[in-house]
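These notes are about the structure you will find just below.
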Amino acid sequence: MSAELRITLAGAERVVAAGTTAGQALEADGRTVIAARVNGEPRDLAHPLAEGDAVEPIEISSDEGRAIVRHSTAHVMAQAVQELFPEAKLGIGPPVENGFYYDFDVAQAFNPDDLKRIEKRMREIVKQGQLFSRRPVSDDEARAELAAEPYKLELIGLKGGAAEEESVEVGAGQLTIYDNLDAKTGELCWKDLCRGPHVPSTRSIPAFKLMRSGGAYWRGSEKNPQLQRIYGTAWESRDKQDEYLKLLEEAEKRDHRKLGAELDLFSFPPELGSGLPIFHPKGGIIRKEMEDYMRRRQAEAGYEFVNTPHITKSSLFETSGHLPWYADDMFPAFELEGVDYRVKPMNCPMHNLIFRARGRSYRELPLRLCEFGSVYRYEKSGVVHGLTRVRGMTQDDAHIYTTREQMADEIKSLLRFVLSVLRDFGLSDFYLELSTRDDSEKFIGDPAEWEEATEALRQVATESGLTLKDDPGGAAFYGPKISVQAKDAIGRTWQLSTIQLDLNQPKRFGLEYQAADGSRQTPVMIHRALFGSVERFLGVLTEHYAGAFPPWLAPVQVVGIPIAEAHVPYLHDVAKRLRASGIRVEVDAADDRMQKKIRNAQKAKVPFMLLAGDDDIANGAVSFRYRSGEQKNGVPVDEAIAEIVNAVERRVQV
RNA sequence: GCCGACGUAGCUCAAUCGGCAGAGCAUCUGUCUUGUAAACAGAAGGUCAGGGGUUCGAUUCCCCUCGUCGGCUCCA
């Protein structure tokens, strides 16, 4: 055995003594470099190197490094929990985006006080600098050591078999246990089944915080027992963590449920029932602007406008396949004159009837039917959430019927159309998700046709140049879909538009057109919702703009604020001229002082305040105050009107 | 649907270890007439989410329902 090893260190050849660990080779301090990548595999710093190994550092501030810190923090949390709650059984504890969690089986759910105690104990453990020490074990040894951990035993049982999906507990190869050792005495403090890697010492965890707890089903299935999950966050520095916590605060300020009430846009009266919003006049204006704009764009893009009722005989949904496949998401039937009726959860079956209302020619295709259709879905009580998850909503729904030959081109132009409209609403950062079927029972139709439809979508998505993520099993029951995910102003992503291909419903409805050669053909059907739902889109826009809508969408575009009561008539005059230009303007003639009126308008996030006092009137001018607090005094009224109209017409943010 | 927390005036929040329910803002009425984020005064506003139970007495303790919030599962 040679006393030396040749390795590749960060790309350069090096010779090191036999027995050198990855950490020694990297001269890692366990602070900035917390793990290593050996031959492409993430490893502990204590990993001993072999001849020919290629070693690279994993820095704590990289995505991979953070995940390791978070995973290690999850271990520290589990240790603290088991010290404080000895009866707690371990579930799983992986790193996730921005943090980590660990699931526990405990008799009693954790309360906020428990979290404080756990966090306090964690800080002590971190301070002690316990060492993470890896130890390979055989399956039988693992079973013996973890005899008191039923969930871990289950994971060991899954290993190699069904556990194709790699978890953080059991990898593909040999099982390993990580021991947490006292830094001074080497005494065993805690251990967990885990494939690692981990930071070398609990001291390598610079910043963490427990966030919240909640129930979570074991292995993600509602058929399994429910465990208690604790979420935490961990970062490479206190500063980074504070930055993240600040982002959460910012998100809270933007919460559309809160802004919706503050800005008097909409509400959810308990009298109506959960998930059923009502839109107040100011919210109504935003909706109207959204809808008007969509109508205009659709008219330009060759859509035809249709209307369909909210309820229908149940049999229609037998034909469409909704009742066999989607009934759990529908409101229950009600009987009328001996016939069952249903409230519609989707508009497509009705649009199919419009297609079928008379004979169709290939010359009419693509036929684009669109409607702001009210649909109602039975969302389970625990999932209803503001405007983003409601039980009654309006879809800007379109169904496009094409020939198979036209399909690809139509999808392509459709995607372009969708992105162009979203951009006009101020969203610019997108990626696509391709939702496909899997082997489960919830999908109807011929897998070969699914394959064809999926490929058509994939090709268009790929050609768009946008990032494409796969979402296996996420399709609708009748066909695959592309969904457009948009990032908002603070980097959160929202699912908005969907484009779904449907080879099933046309058949189920017996839809036909006559082709050029006289034969009868079945059209392809494309479902498209651009906003997703008007409600959700309005909610997303509210959060994106933090309630400060661009002038074209702002419920009140201009507020006139007189310096003194005597200036009110002058502002009414200016307002009249603004109204004549289609601007939504109010004059605040209330008994408040000017400063108070400014404060009110500011809180209402009105884009333009127009002030007028003696000086302005003398010059036929007004003075602007913008949302930023910036002001522009003595602007001639004509110019002021032009500036406002221009901002509205160009749909810019101010 | 499941686990947990919560529900007091239009809003934000106090208080009552079981004994007359309180503030600020908003609203209304007056006074004041003001140059870029809150003038002053007064009035009005509550079946303490709803229902049931325990108790001499329940906003307070217990149960149920509804709703909200945070998770899980599911989704536009």
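Order of the sequence lines fixes the chain letters, A, B, ..., with proteins taken first and strands second; residue numbering starts at 1 for each chain.
If you check every strand for non-hydrogen atoms under 4.0 Å, A:V390 touches a base. Across all strands, A:A529 comes closer than 4.0 Å to no nucleic acid atom at all (heavy-atom distances). Using a 4.0 Å heavy-atom distance criterion, A:R212 is classed as a sugar-phosphate-only contact. Residue contacts for A:K481: at a heavy-atom cut-off of 4.0 Å it reaches the sugar-phosphate backbone alone, with no base atom in range.
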Evaluate ring-ring contact (aromatic ring centres under 6.0 Å, His included) for A:F110 paired with A:F85, printing each intermediate quantity in order.
CA-CA 10 Å; A:F110 299 109; A:F85 305 88; 5.4 Å; yes
Could you check A:H527 against A:M346 for side chain to side chain contact (heavy atoms under 4.5 Å, CB included), going step by step and ending with a plain yes or no?
CA-CA 10 Å; A:H527 304 242; A:M346 293 190 194; 5.7 Å; no
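The interatomic distance linking A:R377 (CZ) with B:A76 (P) rounds to 7 Å, in whole Å. The separation between A:Y378 atom OH and B:G1 atom C1' is 6 Å, rounded to whole Å. Here B:U73 presents its C1' atom at 10 Å from CZ of A:R389, a figure rounded to the nearest Å. For the pair A:N224 CG and B:G1 C1', the interatomic distance rounds to 15 Å; values are reported in whole Å.
A distance of about 7 Å separates the C1' atoms of B:G22 and B:A14, rounded to the whole Å. Straight-line distance between the C1' atoms of B:A9 and B:G4: roughly 29 Å, to the nearest whole Å. Comparing B:A21 with B:G30, their P atoms sit 31 Å apart, to the nearest whole Å. Between the C1' atoms of B:U8 and B:U47, the separation comes to 13 Å (whole Å).
Among residues two or more places apart in sequence or in another chain, the ring pair (Phe, Tyr, Trp, His ring centres under 6.0 Å) test is passed with A:F417 by A:Y303. Remark: A:H544 pairs with A:L427, A:D488, A:A489 by the side chain to side chain contact (heavy atoms under 4.5 Å, CB included) rule, at least two apart or across chains. Considering only residues two or more places apart in sequence or on other chains, A:R437 meets the side chain to side chain contact (heavy atoms under 4.5 Å, CB included) condition with A:F443, A:P447, A:W450. Checked against side chain to side chain contact (heavy atoms under 4.5 Å, CB included), A:R342 has the following partners two or more places apart in sequence or in another chain: A:S314, A:F317, A:L323, A:M330, A:A333. A:R377 pairs by the salt bridge (charged side-chain N to carboxylate O under 4.0 Å, His left out) definition with nothing, not counting sequence neighbours. For A:V574, the side chain to side chain contact (heavy atoms under 4.5 Å, CB included) partners at least two apart in sequence or on another chain are A:Y570, A:L578, A:L610, A:V622, A:V637. With sequence neighbours left out, the side chain to side chain donor-acceptor pair (under 3.5 Å) criterion links A:D328 to no other residue.
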Which dot-bracket string describes RNA chain B (Watson-Crick N1-N3 plus N6-O4 or O6-N4, or G-U N1-O2 and O6-N3, all under 3.5 Å; [ ] crossing; | other strand)?
(((((((..((((.....[..)))).(((((.......))))).....(((((..]....))))))))))))....
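No hydrogens or angles were tested; on distance alone, nothing pairs the side chain of A:E271 with the base of B:A49 as donor and acceptor under 3.5 Å. Counting atom types as modelled, A:Q226 pairs a side-chain N or O with a base atom of B:C2 as donor and acceptor under 3.5 Å. At a cut-off of 3.5 angstrom, the base of B:C3 holds no donor-acceptor pair with the side chain of A:R229. Contact of A:Y217 with B:G1 (side chain to base): a donor-acceptor pair of N or O atoms is detected under 3.5 Å.
A donor-acceptor contact shorter than 3.5 Å links the side chain of A:R536 to the backbone of A:T388.
Under 4.0 angstrom from either OP1 or OP2 of B:C72 there lies at least one side-chain N or O belonging to A:Y231.
At a threshold of 4.0 Å, the pair A:R297-A:D424 counts as salt-bridged, since one of the basic side-chain nitrogens sits closer than that to a carboxylate oxygen.
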What does nucleotides 31-41 of chain B look like as a protein-contact string, B for base, S for sugar-phosphate only, - for none, at under 4.0 angstrom between heavy atoms?
BBBBBBBBB--
Give the B/S/- string for nucleotides 59-69 of chain B, one per nucleotide from 5' to 3', where a protein heavy atom under 4.0 Å of the base yields B, of only the sugar-phosphate yields S, and otherwise -.
--------SSS
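Annotation for A:K89: atom NZ counts as buried by contact number, over 12 foreign heavy atoms lying within 6.0 Å.
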List the atom pairs, with distances to 0.1 Å, where a side-chain N or O of residues 468-478 of chain A and a protein N or O form a donor-acceptor pair under 3.5 Å, not counting sequence neighbours.
unit_1 : atom_1 : unit_2 : atom_2 : d
A:D470 : OD1    : A:R458 : NH1    : 3.4
A:D471 : OD2    : A:S435 : OG     : 2.7
A:Y478 : OH     : A:Q500 : OE1    : 2.4

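Of the residues A:L415, A:T467, A:V460, A:I499, the one that meets the side-chain contact (heavy atoms from CB on, under 4.5 Å) test with A:L432 is A:L415.
Against RNA chain B, the stretch residues 531-546 of chain A makes heavy-atom approaches under 4.0 Å through A:G532, A:S533, A:R536.
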